[in-house]
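What follows is a short report on a single structure.
In this text the structure is predicted, and so the values were computed from the model without any measurement. Letters go in sequence order (proteins before strands), and every chain restarts at 1. The analysis underlying the following values was restricted to heavy atoms, covering all of them including side chains, and did not include hydrogens, waters or symmetry mates.
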Amino acid sequence: MTDRDDAYDPQAVEEKWQRLWVERRTHVTDLKSAKEPYYNLMMFPYPSAEGLHVGNAFAFIGADINGRVQRLQGKNVFEPMGFDAFGIHSENFAMQRNTHPARLIPANISQFQRQLKRLGLMLNWEHELSTTDPDYYKWTQWIFLQLHKAGLAFRKKAAVNWCPECKTVLANEQVINGFCERHPTVAVTQKFLEQWFFAITKYAERLLKNLETLDWSASTRVAQENWIGRSVGAEIRFKAPTGGEVTVFTTRPDTVFGATFLVLAPEHPLVESVTGQECRADVNAYRRKAAAMDVVTRRVGSKEKTGVFTGGYAKNPATGENVPIWIADYVLMGYGTGAIMGVPAHDERDFEFATKYKLPIVQVVDGGAEKTELPFSASDGKLVNSGKFNGVSCDDAIPAITTWLAEKKLGTLQVQYKLHDWCISRQRYWGPPIPVIYCDACGIVPVPEKDLPVILPLIEDYRPDDSGVSPLARHEEWYRVPCPTCGKMGRRETDVSDTFLDSAWYFLRYPSTGFKDKAFDPATTKRWLPVNSYIGGNEHAVLHLMYSRFTTMVLKDLGLLDFEEPYVRFRAHGTIVKDGNKMSKSRGNVVIPDNFVAQWGADTFRMYMMFLGPYQVGGDFRDEGISGIRRFLDKLWGAVAAADKKKNPADFEATRRKVHQAIRKITADMVELRYNTAIAALMECLNVLRAECGEGGVPAELVEPMVILISPLAPHFAEECWERLGHKTSVVDATWPAFDEALAREDEVELVVQVNGKVRGRLKVARGISQDDAVKLALADEGVKRFIEAKPVRKAVYVENKLVSLVV
RNA sequence: GCCCGGGUGGUGUAAUGGUAGACACUGGGGACUUAAAAUCCCCUGGGGGCAACCCCGUGCAGGUUCGAGUCCUGCCCCGGGCACCA
């Protein structure tokens, strides 16, 4: 047998092991009997027609490595995969291709499956799911019904983006600077439609509070915190002389004496009643203009402020003076009360508005020593022009004035959140129909659970039209349905639900995919949930993760789950760029794994991806670097071939020490997802082994741990090596190697000697020598002596086994 | 504007406050070969020196410390997210 014949052939090795894994059901965990369940979740993909790209691959490989490490450490790992195939992306893509999403999706999914399988992921395909499968969305609809039953699903009119050219509702990300992404010259407008919402804001405090208890990436937690956006302030009532009152929300009740005007959002319900006859025409024109603007442009903060006077007045509860009421689109109906008190001296936006419209500006906070320039929005000052509160610091005045107003029944302490209720309605076709029937006699009637699923009918003409009504409304025989309560003819809800609802609960379904009669089986769920490890991209830091936390909390409150946080540990992976640039279709630099896998093999590709940089940061995909990984695997292959069971590790002291050091380092790195440095440690270890053993044989006892350590990274390669080392069972059933601290220890260490902070010498010394001995040796060193000369040593710092620092 | 990341050789990157550049890639030199590929060995931050060695160097300016890539203060640049949230 020559070296040539026995060279590492990744294609052959990978084909063999992928076949054996399927035959032996290596990756199928028995969910019922698992003693140490470990639910290893990764974010299921949207199966695009382009197929899996390196971004997906990077995410999945990193999560898979985590699962494999856990399995070697004794856990029963469940690693499922599924497809998030509903939604506007699939629908738009199908329209472009003049086909139907239902015809497109299966091909895309099988393409993804092929690519995923080729990567050697430890996936349990027996629990695969697809959100478009009626067996799945039956339960998505069921979840809707549970929320509805709990009073958390409600209808409300809300603005949507509308493109008059494509005559359809657009998602926010399809609006580019106020124009439709497909018609760059057509301004997007807004339409008001009745929509279904979930009352996630009722859970705001709990969603915020629980974050402290979660083992999540800090960046993700912070993003959630900001999104919830809790702020404490006061609601203050301004009474109109004509009757009625305007309630405003402010975080600065201390500045109420400086409130010289009020601003309502144009859509505010009180606008009608406060508007005076002489202003009505202007007000109506302004409101029409605001209504015509699309939702996205409306929220852009850079544009100049506009507004009109309503002719109405209300009494400032602090000063007792009447202040004018304006409307302006910089005040948003969706936050607080949709009305603000204008304090131009201490708020930049109000200042800009007051300056433009010549409204009075009254300073009520003095910023201290340097003359305070207005607007002064900081809260480190003392009150002026504020009656009995003059001289009080802002921090003290905030509670004091809130209490004072509360006593007069003109204000209350109030906590506000930026988080808004979750709009789940989509006036589109490609999603699960919302399971509701409208009856003229009975009103809104939820579809009885026994009638689920409400099947999405396969209609060819699924394109949205200019009615603003979902395409399903055109499908009469589906749309008309008897009322479940009274039996008279009713109408189905024709909106479908948001894809985020599909993904809000998919982790609950995976372990229970076999159960046809329930969304999730209580016993299975109890054993396997919550999810032990969830790895995914920070692009879902806010919406997906927030919605699935909310859904879980609601199900817990309904007594259907016994935990309220779905993901015990969440880690955000980084992003892969290409030669320093973001990958994108328009740049034409999107890397597809297939060619790399075909040329180098999945194992080399997996390891290279993980070697690009820290997993939680990302890295730069350069084509040249991958050969280094392959060279490493070739060398390790050679070391395995030369392994000798009869050799004694004690005769290979340097290698043995390095192996134990590598086990120590890699064990720590792997659980922290530091795959790049774990790979470097493996390389270092092999370099030492080769230096010590040369071409000759290596003690098998020293190569075996390396094979186990590399197996999560290069699973097929490791299986083949393991077999060649004489093992009859799969390497996935091996035991993670333990290190011996004594064997890992270096007996001789290099001591650095610094003189006045500069390195002047390096000494080889016995481990653990005393400070006195170390200093003595340092002073005896020729190189060190030259820099000390005759000067007395004023100070000596000794760090054991590391350095001696001398100050002269 | 606000909130997260990040700025270290030719490149990707590594360094519990303790030897800056581990591990790789690229490039250069050599060995083997009729030759090439593969493989193996050596060199590869800048400057000075025949050499032993020395000086400089982690975006910029300061500070703390015996000692700073790492900690503190103030900036600059790049990437991402949020954005009139009262």
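Only the P atoms considered, B:C25 is 22 Å distant from B:A31, to the nearest whole Å. As rounded to the nearest Å, B:G21 and B:U73 have P atoms that lie 29 Å from one another. For the C1' atoms, the distance from B:G57 to B:A20 is 10 Å, rounded to whole Å. Look at the C1' atom in both B:G63 and B:C55: the space between them is 25 Å, to the nearest Å. Taking atom C1' on both nucleotides, B:C4 is separated from B:G12 by 23 Å, rounded to a whole Å. Look at the C1' atom in both B:G10 and B:G28: the space between them is 13 Å, to the nearest Å.
Of the candidate nucleotides B:G18, B:U26, B:U13, B:U13 has the atom lying nearest to any side-chain atom of A:D620. You'll find that the side chain of A:Y330 is closest to B:C84, out of B:C84, B:C25, B:G80. For A:S805, the listed nucleotide lying nearest its side chain is B:C66; candidates were B:U13, B:A86, B:C66. In this structure, of B:G18, B:G80, B:U13, it is B:G18 that holds the atom nearest to the side chain of A:K802. Taking the side chain of A:T677 as heavy atoms from C-beta on, and the options B:U19, B:A86, B:A15, the nearest nucleotide is B:A15. With B:C82, B:G18, B:U19 as the choices, the nucleotide that has an atom nearest any side-chain atom of A:W227 turns out to be B:C82.
Comment: A:D620 does not engage A:R622 in a salt bridge, judged by the lack of any side-chain N to carboxylate O separation of less than 4.0 angstrom. By the 4.0 Å N-to-carboxylate-O rule, A:E304 lies close enough to A:K356 to be salt-bridged with it.
For A:N538, no side-chain nitrogen or oxygen approaches OP1 or OP2 of B:G81 to under 4.0 Å. Considering only side-chain N and O atoms, A:R690 lies under 4.0 angstrom from the phosphate OP1 or OP2 of B:C40. In this model, the phosphate group of B:C56 is approached by a side-chain N or O of A:K758 to a distance below 4.0 Å at OP1 or OP2. OP1 or OP2 of B:A38 has not a single side-chain nitrogen or oxygen of A:R630 nearer than 4.0 Å. Of the side-chain N and O atoms in A:R674, none sit less than 4.0 angstrom from OP1 or OP2 of B:A14. Applying the 4.0 Å criterion to OP1 and OP2 of B:C54, one finds that A:R786 has a side-chain N or O inside that range. Regarding contacts with the backbone of B:A86, a side-chain N or O of A:S231 is found under 4.0 angstrom from either OP1 or OP2.
Using a 4.0 Å heavy-atom criterion, one finds that A:V222 contacts the sugar-phosphate atoms exclusively. Nucleic acid contact for A:F787: sugar-phosphate only, since backbone atoms but no base atoms lie under 4.0 Å from a heavy atom of the residue. Here A:N676 lies in heavy-atom contact (under 4.0 Å) with sugar-phosphate atoms only. Across all strands, A:L612 comes closer than 4.0 Å only to sugar-phosphate atoms, never to a base (heavy-atom distances). Residue A:K665 is classed as having no contact, given no heavy-atom separation below 4.0 Å to the nucleic acid. Residue A:F611 is in base contact, counting any heavy-atom pair closer than 4.0 Å across all strands shown. No engagement by A:R230 is indicated, since no non-hydrogen atom pair under 4.0 Å with the nucleic acid exists.
Atoms CZ (A:R252) and P (B:A86) sit 12 Å apart, rounded to a whole Å. One interatomic measurement links the two molecules: NE2 of A:H573 to P of B:G80, which rounds to 15 Å at whole-angstrom precision.
A cation-pi arrangement, defined by a distance under 6.0 Å to the six-membered ring centre and an angle within 45 degrees of its axis, is absent between A:K305 and A:F353.
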- Base-pair string, RNA chain B, Watson-Crick plus G-U, cut-off 3.5 Å on both distances, | for inter-strand, is (((((((..(((.....[....))).(((((.......))))).((((....))))..(((((..]....))))))))))))....
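Within 3.5 Å, no donor on the side chain of A:E539 pairs with an acceptor on the base of B:G80, nor the reverse. For B:U19, the base has a donor-acceptor partner in the side chain of A:E750 [N/O atoms by modelled type, under 3.5 angstrom].
Ring to ring, A:W422 and A:F197 are not that close: their centroids are 6.0 angstrom or more apart.
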